[in-house]
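Notes follow the structure.
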Amino acid sequence: MKRTANALAIVVLVLLMIASSCKKGDLTDNAEDTLLDNSMVKAKTVQPGVPALLVTGLEELQGSTVGPDGALYVTAPLAGTIWRIHPKTGARTIFTTGLPKRNPDPFFQGAGVIDVAFRDWTAYALVTGVGSDLGGEDIVGIYRVDGPDSYTIIADIGEWSIAHPPVPDFFVPTGFQYSFIAYRDGFIVNDGHHNRILYVTLDGNITEMIAFGNVVPTGLALRGNTIYFTLAGPIPHLPEEAKLMALSTKPLTATEIASAAGLNVGLFVDVEFGSGNTLYTLAQGIWDGPYEGAPAMPNTGALLKLKTDGSFSVIANGLNQPTSLEFIGNNAYVVSLTGQVLKIENVSPANVH
């Protein structure tokens, strides 16, 4: 692990890294192709909900975010890498590498660099399942990206979790975190194994915001003072156990918004806002795994839109083991364990209800 000693040097280095990656050709210099191009936010004259392959050939992708430059950033746990992807062309460059890699045994899917988030122009990575309790030698926690191959650990979530075990049954003392988002002066972190939501500050302080029974919290979204999150539900991840939830911070209360009951799909893994205030939920699919943490069956996932009556409509189905969802304008981007990114255009246009 490499550490920078000067805060100003960190900022400059990260800015130079992003600027350098822009010069490598995955984002053109033409004004009409900038990240503020109006075509990114205008409704397309295509059938909504038709997935198209944007990226293929990468090795096991997991988490994602939209960066301050408008590009898509996705994590690759087997490689310990975060990729930067042009949302229109699919061209990609390595944003950073050298983060802890997950154990290559399939049992450890869901470990390694599991998610990525930005605070202003600084990127952070959430790393899980790499501690000594699972035979690893790395720290479970939040890593600040300092350069193309350097980072600083800002929060040791694994050590804190060992010292503050959850109430429900567990077998991994350091927990198994799934997602995080920037919030106030730190991050909100979902721990799907310890069944709780944590708040982690930039100086490494960790507190438990709320704890649950065996519900498996996964994806996260934020709007105002309300935190939205998904529940995969306990194994066998039945549709009625897959839920979209809202967590009010004043007071701290979790409320169910909708579930997948009645749908032939389950195991919710992410939630995001499309254009306006429309919520979308990503379901990984039908689960029939041999062990806890195994992914859903291939080609059974779905992108779901929350309707005003509290039910879901299916925007796209047959998705292959999706793990993360992002929106740029009216376009949805679905990240998959298979190393692919799908683009679904015109998902949430203003003129479609």
Side-chain angles (χ1 to χ4, degrees), residues 51 60-64 75 77-78 102-112 114-115 128-129 134 166 168-172 175-179 190-197 212-220 228-245 256-272 280-306 311-325 332 334-342:
E60 191 180 289
L61 302 179
Q62 183 71 47
S64 64
T75 67
L78 280 169
R102 79 161 179 85
N103 186 317
D105 189 309
F107 179 79
F108 291 88
Q109 276 189 326
I114 199 75
D115 203 8
T128 193
L134 289 175
D169 291 338
F170 65 95
F171 61 88
V172 181
F176 237 90
Q177 299 75 40
Y178 189 86
S179 64
N190 263 352
D191 191 321
H193 181 55
H194 285 182
N195 290 287
R196 58 188 177 186
I197 300 176
F212 309 99
N214 187 17
V215 295
V216 192
T218 49
L220 283 165
Y228 297 87
F229 61 102
T230 49
L231 304 178
I235 54 174
H237 303 300
L238 299 173
E240 57 267 28
E241 300 291 346
K243 298 178 180 180
L244 173 60
M245 306 288 292
E256 180 180 336
I257 298 176
S259 78
L263 299 175
N264 188 31
V265 68
L267 213 168
F268 283 178
V269 292
D270 206 0
V271 55
E272 291 291 340
Y280 292 83
T281 298
L282 186 63
Q284 196 170 87
I286 301 170
W287 191 86
D288 189 24
Y291 49 82
E292 182 177 341
M297 296 171 61
N299 304 309
T300 62
L303 176 60
L304 308 175
K305 176 182 177 180
L306 181 66
S311 64
F312 287 109
S313 60
V314 178
I315 298 299
N317 56 22
L319 303 179
N320 195 2
Q321 297 181 329
T323 55
S324 187
L325 171 68
V334 177
V335 176
S336 171
L337 275 177
T338 63
Q340 298 179 337
V341 178
L342 295 177

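- For the pair Leu244 and Val271, the minimum side-chain heavy-atom distance is below 4.5 Å.
- Note on ring orientation: taking the six-membered ring where Trp is involved, the planes of Tyr291 and Phe107 are tilted (angle from 30° to 60°).
- Minimum interatomic distance between His194 and Val172 (heavy atoms only, all atoms of both residues): NE2-O, 2.8 Å.
- Ring geometry, His193 versus Phe171: the interplanar angle exceeds 60°, so the pair is classed perpendicular (tilted spans 30 to 60°).
- Atom CD of Glu272 and atom OG1 of Thr230 lie 9.5 Å apart (nearest 0.5 Å).
- The CZ atom of Phe212 sits 6.0 Å away from atom CE of Met245, with the distance rounded to the nearest 0.5 Å.
- Separation of atoms CZ (Phe170) and CG (Asn214) is listed at 13.0 Å; rounding is to 0.5 Å.
- Nearest approach of Glu292 to Ile235, heavy atoms of both residues: CA-CG2, 4.4 Å.
- Interatomic distance, OG1 of Thr281 versus CD1 of Ile315, reported as 11.0 Å (0.5 Å rounding).
- Atom CZ of Arg102 sits about 4.0 Å away from atom CG of Leu78, to the nearest 0.5 Å.
- Atom CG of Asp105 sits in a crowded spot, with more than 12 heavy atoms from other residues, nucleotides or ligands closer than 6.0 Å.
- The two residues Ser324 and Ser64 have their closest heavy-atom pair at OG-OG, 2.5 Å.
- Contact detail for Leu282 and Leu319: the closest heavy-atom pair is CD1-CD1, 4.0 Å.
- Smallest separation of non-hydrogen atoms from Asp270 and Leu325: OD2-N, 2.8 Å.
- Under the ring-ring contact (aromatic ring centres under 6.0 Å, His included) criterion, Phe268 pairs with Phe312, not counting sequence neighbours.
- Between Tyr178 and Thr323, the closest side-chain pair of non-hydrogen atoms falls below 4.5 Å.
- Scored by the side-chain hydrogen bond (donor to acceptor under 3.5 Å, both in side chains) test, Asn195 finds no partners at all (sequence neighbours excluded).
- Between the Gln284 side chain and the Ala296 main chain, a donor and an acceptor come within less than 3.5 Å of each other.
- Contact check for Leu263 versus Leu304: side-chain heavy atoms found under the 4.5 Å cut-off.
- Thr75 contributes atom OG1, which lies 9.0 Å from atom CD of Glu60 (distance to the nearest 0.5 angstrom).
- Considering every non-hydrogen atom in both Pro217 and Asp191, the closest pair reads CG-O, 3.5 Å.
- The closest side-chain heavy-atom distance from Val265 to Asn317 is not below 4.5 Å.
- Heavy-atom neighbours of Asn264 CG from other residues, nucleotides or ligands within 6.0 Å: at or below the threshold of 12.
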